[in-house]
> 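Here it is: the structure, laid out below.
All of these numbers come straight from a predicted model, not from anything done at the bench. Counting starts at 1 for both ligands and their atoms, following the listed order.
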Amino acid sequence: MTRAFVVHEYGGPEKLKLEDIEVGAPGPGQIRLRHRAIGINFVDTYQRSGLYKVALPFVPGNEGAGDVVAVGPGVTDFAVGDRVGYTGAVGAYAEERLLAADKAVRLPDNITYEVAAASLLKGTTAFYLLHWTYALKAGETILVHAAAGGTGQILTQWAKALGATVIGTAGSEEKCEIVRKNGADLAINYRTENFVEHVRQFTGGKGVDVVYDGVGAATFEPSLDCLRPRGLMVSFGNASGPVSVPRLGILADKGSLYVTRPTSGAYFRTAEDIRTAADALFNLIELGKISVAIDHTWPLEKAAEAQRALEDRKTTGSTLLLP
Ligand SMILES: NC(=O)c1ccc[n+]([C@@H]2O[C@H](COP(=O)([O-])OP(=O)(O)OC[C@H]3O[C@@H](n4cnc5c(N)ncnc54)[C@H](OP(=O)(O)O)[C@@H]3O)[C@@H](O)[C@H]2O)c1
């Protein structure tokens, strides 16, 4: 038996129930993993609340790292004792789990379990957003919302490593200080300042090439006013609530803009996709160009408290559960 959280019905953090479950032996193409660290992500809260539907009952969580303790038939890439991490596989809030081997990546010696579990989902997201959703080039300017958050901090550092100019928003002065420490050229407290005015002033009225927006409802429309003509709005999350676009013509009015709503599932379709992104992430961590901020750690049994802190905007950087 292993201890795991189970969601039997959608709702608030109180719907996370700690239970003893049977994990079983890995089936064909699977490995059994003993977690050493588990990443908490905003998507975990969407799946728990039912905003994103996962078939009930389910073990929540999408990111983790640990040791392979068993391999199923047909698995040739991994052996018992390997250190691995993964992203994009529901079932992480548990001491042990089964995992499709093609979701796993081998951890380089100098990548700890904690760094892997704090960065694989957020960092591979930063990779695809900056390379595949839009091929960001040196000299271009972007706006990153919630830039002191888990994804925002990695996105900011990665964009700076590519030579871009980065404007970051955050919800307090302390968070803005973190945004600046990560290399952003301008940090705006969007709870007290009008970020559209600041962006237009900073860019000399030109606007930014791309907006990366994981905040959603609260920032979507004003963000369109931050873009240059034919700029790209990347709406990749909904921390403040989901976005709806009532009238397509708004994109014409604001300068023939582009909008995309990407998800990692559509970008990481094969083991090779995810390994390409993870290799690029680990390489930048090893080069010291990305520092993964593990600002909050909780014991596994405190998953509900950890999710509450994330939803209440009380966190910065990455949050881990330690089994
Ligand atoms: N599409 C994808 O592939 C993908 C992948 C990874 C993440 N995401 C999305 O990226 C976003 C960030 O994810 P994360 O896990 O790294 O979380 P996070 O950024 O660490 O936390 C969310 C942050 O959003 C900001 N926020 C603004 N309004 C909020 C509100 N009303 N309620 C709660 N938070 C609010 C807060 O920062 P301030 O206090 O500074 O405003 C908060 O700290 C989420 O929307 C997530 O779903 C999408």
> With a cut-off of 4.0 Å, which atoms of ligand 1 are near a heavy atom of Leu310?
20 (O), 21 (O)
> Quick one: do the Asn194 and Arg200 side chains pair a donor with an acceptor below 3.5 Å?
no
> Could you find the nearest protein heavy atom to atom 23 (C) of ligand 1 and give me its residue, atom name and distance?
Ala146 CB, 4.0 Å
> I need the atoms of ligand 1 closer than 4.0 Å to a non-hydrogen atom of Tyr46, numbered in the order shown.
44 (C), 45 (O), 46 (C), 47 (O)
> Could you list which atoms of ligand 1 come closer than 4.0 Å to a heavy atom of Asn238?
45 (O)
> Compute both the distance and the angle, then confirm whether Arg97 meets the cation-pi test with Tyr86: under 6.0 Å from the six-membered ring centre, within 45 degrees of the axis.
yes
> With atoms numbered from 1 as shown, which atoms in ligand 1 lie under 4.0 angstrom from a non-hydrogen atom of Gly150?
16 (O), 18 (P), 19 (O), 20 (O)
> Within ligand 1, which atoms have a heavy atom of Tyr128 less than 4.0 Å away?
1 (N), 2 (C), 3 (O)
> Donor-acceptor pair, distance only, cut-off 3.5 Å: does the side chain of Arg228 make one with the backbone of Arg230?
yes
> Is the backbone of Ala94 close enough, under 3.5 Å, to the side chain of His35 for a donor and an acceptor to pair up by distance?
yes
> Determine, using heavy atoms of Ala148 and all atoms of ligand 1, whether some pair is separated by less than 4.0 Å.
no
> Determine whether the side chain, the backbone, both or neither of Glu311 has a heavy atom under 4.0 Å from any heavy atom of ligand 1.
backbone
> To the nearest 0.5 Å, what is the distance between CD on Glu63 and CG on Asn41?
4.5 Å
> Has ligand 1 got any nitrogen or oxygen that is less than 3.5 angstrom from a nitrogen or oxygen of Thr263?
no
> Answer yes or no for Tyr267: is there a heavy-atom contact with ligand 1 below 4.0 Å?
no
> Could you tell me whether the side chains of Thr276 and Asp273 share a donor-acceptor contact shorter than 3.5 Å?
no
> Closest non-hydrogen protein atom to atom 11 (C) of ligand 1, residue and atom name please, with distance?
Gly214 O, 3.7 Å
> Heavy-atom contacts with Lys175 under 4.0 Å: which atoms of ligand 1 show up? List them by number with element.
37 (O), 38 (P), 39 (O), 40 (O), 43 (O)
> Tell me which protein heavy atom sits closest to atom 12 (C) of ligand 1, plus the residue, atom name and distance to 0.1 Å.
Thr151 OG1, 4.1 Å
> Which residue holds the protein heavy atom closest to atom 17 (O) of ligand 1, what is that atom called, and what is the gap in Å?
Phe42 CD1, 3.8 Å
> Who's closest to atom 32 (N) of ligand 1 heavy-atom-wise, of Ala266, Ala239, Pro242?
Ala239
> Which of these passes side-chain contact (heavy atoms from CB on, under 4.5 Å) with Thr169: Val199, Val144, Val179, Leu143?
Leu143
> Going by the atom numbers of ligand 1, which of them fall below 4.0 Å from some non-hydrogen atom of Ala170?
40 (O)
> Considering only non-hydrogen protein atoms, determine which one is nearest to atom 5 (C) of ligand 1 and report residue, atom name and distance to 0.1 Å.
Thr125 OG1, 3.2 Å
> Determine whether the side chains of Thr156 and Asn182 contain a donor N or O and an acceptor N or O closer than 3.5 Å.
no
> Is the NZ or CZ atom of Lys53 both under 6.0 Å from the centre of the six-membered ring of Tyr10 and within 45° of that ring's axis?
yes
> Does Thr2 use its side chain to pair, donor to acceptor, with the backbone of Glu96 at less than 3.5 Å?
yes
> Tyr134 and Thr260: side-chain donor and acceptor closer than 3.5 Å?
no
> Taking distance alone, with no angle check, do Gly171 and ligand 1 share an N/O pair under 3.5 Å?
yes
> Check this for me - ligand 1, Gly149, N or O atoms closer than 3.5 angstrom, yes or no?
no
> CD of Glu14: more than 12 outside heavy atoms within 6.0 angstrom?
yes
> Using a 4.0 Å heavy-atom cut-off, which part of Val215 comes near ligand 1: side chain, backbone, both, or neither?
side chain
> Which residue and atom name correspond to the protein heavy atom nearest atom 41 (O) of ligand 1, and how close is it?
Tyr190 OH, 2.4 Å
> Is it the case that the side chains of Asp185 and Thr165 hold a donor-acceptor pair, with the cut-off being a distance below 3.5 Å and no angle test?
no
> Any nitrogen or oxygen of Pro262, main chain or side chain, under 3.5 Å from a nitrogen or oxygen of ligand 1?
yes
> I need the nearest protein heavy-atom contact for atom 34 (N) of ligand 1: residue, atom name and distance, please.
Arg313 CG, 3.4 Å
> Could you see which bit of Ala147 sits under 4.0 Å from ligand 1, with heavy atoms only: side chain, backbone, both or neither?
neither
> Between Ser240 and Ala218 (side chain of the first, backbone of the second, donor and acceptor by atom type, cut-off under 3.5 Å), is there such a pair?
yes
> Give the residue and atom name of whichever protein heavy atom lies nearest to atom 4 (C) of ligand 1, and the separation in Å to one decimal.
Phe236 O, 3.7 Å
> Rounded to the nearest 0.5 Å, what separation is found between the CG atom of Asp279 and the OG1 atom of Thr124?
11.5 Å
